[in-house]
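Encoded as structure tokens, the structure appears first; notes follow it.
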2 protein chains.
Amino acid sequence: MKKDLTDRRMLRTRALLHEALISLILKKGYDGITIQDIIDKANVGRSTFYAHYTGKEDLLRSGFTHLRELLLEQQKQALAKRGDPKARSLGFSLAMFEHALEHRELYMALVGQRGGTVVMQQLRKVLAELVHDDIAATLKITTPDAKKREVIVEFVVGAFITLLTWWLDHKAKISPAEIDSIFRELVLHGITRSQDLPQK
Amino acid sequence: MKKDLTDRRMLRTRALLHEALISLILKKGYDGITIQDIIDKANVGRSTFYAHYTGKEDLLRSGFTHLRELLLEQQKQALAKRGDPKARSLGFSLAMFEHALEHRELYMALVGQRGGTVVMQQLRKVLAELVHDDIAATLKITTPDAKKREVIVEFVVGAFITLLTWWLDHKAKISPAEIDSIFRELVLHGITRSQDLPQK
DNA sequence: TTCAATAATGAACATCATGTCCTATAATGA
DNA sequence: TCATTATAGGACATGATGTTCATTATTGAA
């Protein structure tokens, strides 16, 4: 196929497929969707689908370009809106939380419980236990609010898995002690003290 | 089947299946593995597999109980080893980083790049851009070390996705402004100031 | 309006994974 | 030794995948 990209038929087909995908994600979650579902919902021929995308993932990926532009636009507005320089650090976050609430169903289907791998779900569970006990045993965070403790545990687990993943994916050129030091500094004191992180 | 749990045949079969799974994870990653692969590798009959587990996920999940016990043991030792109370906060982390380095291949296959969903990978990419620009624009972290900036971006993205996920999964009983405030406080100043988090 | 280019259709097809069922065989523990 | 129970392995129905091809419909440009 020649992929004109301005041809109305192609635009129409692609739009139909994207709409079908989102509709199906809302109904049964991304993982459960089959290509058969998509082309049925979109009323598009099987061969037509493969003429545009190599598979389910390809279709999803191409859909993210829309989200990306939307978020960039929101960030631009957020940065321009407020005057206080310090208060607007990480200004993107509130906009995104609001956006998530607005499209809650879609977000839940994508990044909610079902959004993670089995592996990740299990790992998080195991780590949450560890962190919970660890924090209770060593840090004197005397919070009667159980929900607040829960958020903190989630935060620590998320940060840990994130740094672990980053470390592993980057050939682990720094030692366990170094990445551990970075992890502890960031989790305990946040990014405002990041100049204290060990060099290299 | 009666599931004796002490019958040598069952123990042997289960061990074979677990070994096959790990071996295959190392070779082609969890997602690419099929049940056919597993039973071929383990030399176990198809019906036998289904007599023990309901599917691939079930087998993997049951494997995590081993890892869990291992980590709990390590944490116990870590907590008992050192004397300084403040220094041992989050003491589990170093042990786990070391453990990850030791079993690097397995960890990479499970939590590395391939460990995440397509959705998550894309979302992280989009967010990393946002965070990078945001931090550069508002925080005056004058770090010449590009790698350090990269870690910080990863940390913020991970924390954000974690809290977003938690928030969505818990019916979002708190407002966007509240969860955003929690997010910013934790990311900017860490958990040691967590008593300053907004109530409720 | 005409027409060559090209996108969409839909059916057919080979391939592969899944989960279930069954009978015969082998291993086990008492 | 023997009743019990797990395993082997073949057969089967089901359903998803990705490809191919001849036909039809739509499109944009002349």
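Because the structure is a prediction, the values reported are computed rather than measured. Order of the sequence lines fixes the chain letters, A, B, ..., with proteins taken first and strands second; residue numbering starts at 1 for each chain.
Distance alone, capped at 3.5 Å, places no donor-acceptor pair between the B/Thr48 side chain and the B/Val44 backbone.
Annotation: salt bridge (charged side-chain N to carboxylate O under 4.0 Å, His left out) contacts of A/Arg8 (sequence neighbours excluded): none.
Rounded to 10°, the helix from C/dT1-D/dA30 to C/dA30-D/dT1 has 40° between the axis fitted to its first five pairs and the one fitted to its last five.
In terms of position on DNA chain C, the residue among A/Thr13 and B/Gly55 whose nearest nucleotide sits closer to the 5' end is A/Thr13.
Remark: aromatic rings of B/Phe97 and B/Tyr107 are distant, center separation not under 6.0 Å.
Nearest approach of B/His52 to B/Asp58, heavy atoms of both residues: O-OD2, 4.3 Å.
If you measure from atom CG of A/Leu59 to atom P of D/dG18, you get 13 Å, rounded to the nearest angstrom. A straight line from CD of B/Glu57 to P of C/dG19 spans 10 Å, rounded to a whole angstrom. The nearest whole Å value for the distance from the CZ atom in B/Arg12 to the P atom in C/dA27 is 9 Å. Look at CZ on A/Arg14: it is 10 Å from P on C/dA7, rounded to the nearest Å. Atom pair B/Leu11:CG and C/dA27:C1' shows a separation of 13 Å (rounding to whole Å applied). In this structure, B/Arg8 atom CZ and D/dT7 atom C1' are separated by 16 Å, rounded to whole Å. In this structure, the CG atom of A/Asp40 is 11 Å from the P atom of C/dG10, given to the nearest Å. Counting to the nearest Å, the P atom of C/dA7 and the CD1 atom of A/Ile39 are 19 Å from each other.
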With sugar-phosphate taken as primed atoms, P, OP1 and OP2 and all else as base, the protein-contact string of nucleotides 9-17 of chain D at under 4.0 Å (heavy atoms; B, S, -) is B------SB

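Linking Ile, Leu, Val, Met, Phe, Trp and Tyr residues whenever their side-chain heavy atoms come within less than 4.5 Å places A/Leu26 and A/Ile38 in a single cluster.
Note on A/Arg9: a base of the nucleic acid sits closer than 4.0 angstrom, heavy atoms only.
No cation-pi contact links A/Lys125 to B/Phe64, judged by a cut-off of 6.0 Å to the six-membered ring centre and 45° from its axis.
Aromatic ring pairs are classed by plane angle as parallel below 30°, tilted from 30° to 60° and perpendicular above 60°; the pair B/Tyr53 and B/His18 is perpendicular.
In this structure, B/Asp7 does not pair ionically with B/Arg12, as no charged nitrogen and carboxylate oxygen lie closer than 4.0 Å. B/Arg61 has a carboxylate O that lies under 4.0 Å from a charged side-chain N of B/Glu57, or vice versa, which qualifies the two as a salt bridge.
Dashed line: the shortest gap from a side-chain N or O of B/His52 to OP1 or OP2 of D/dA6 is not under 4.0 Å.
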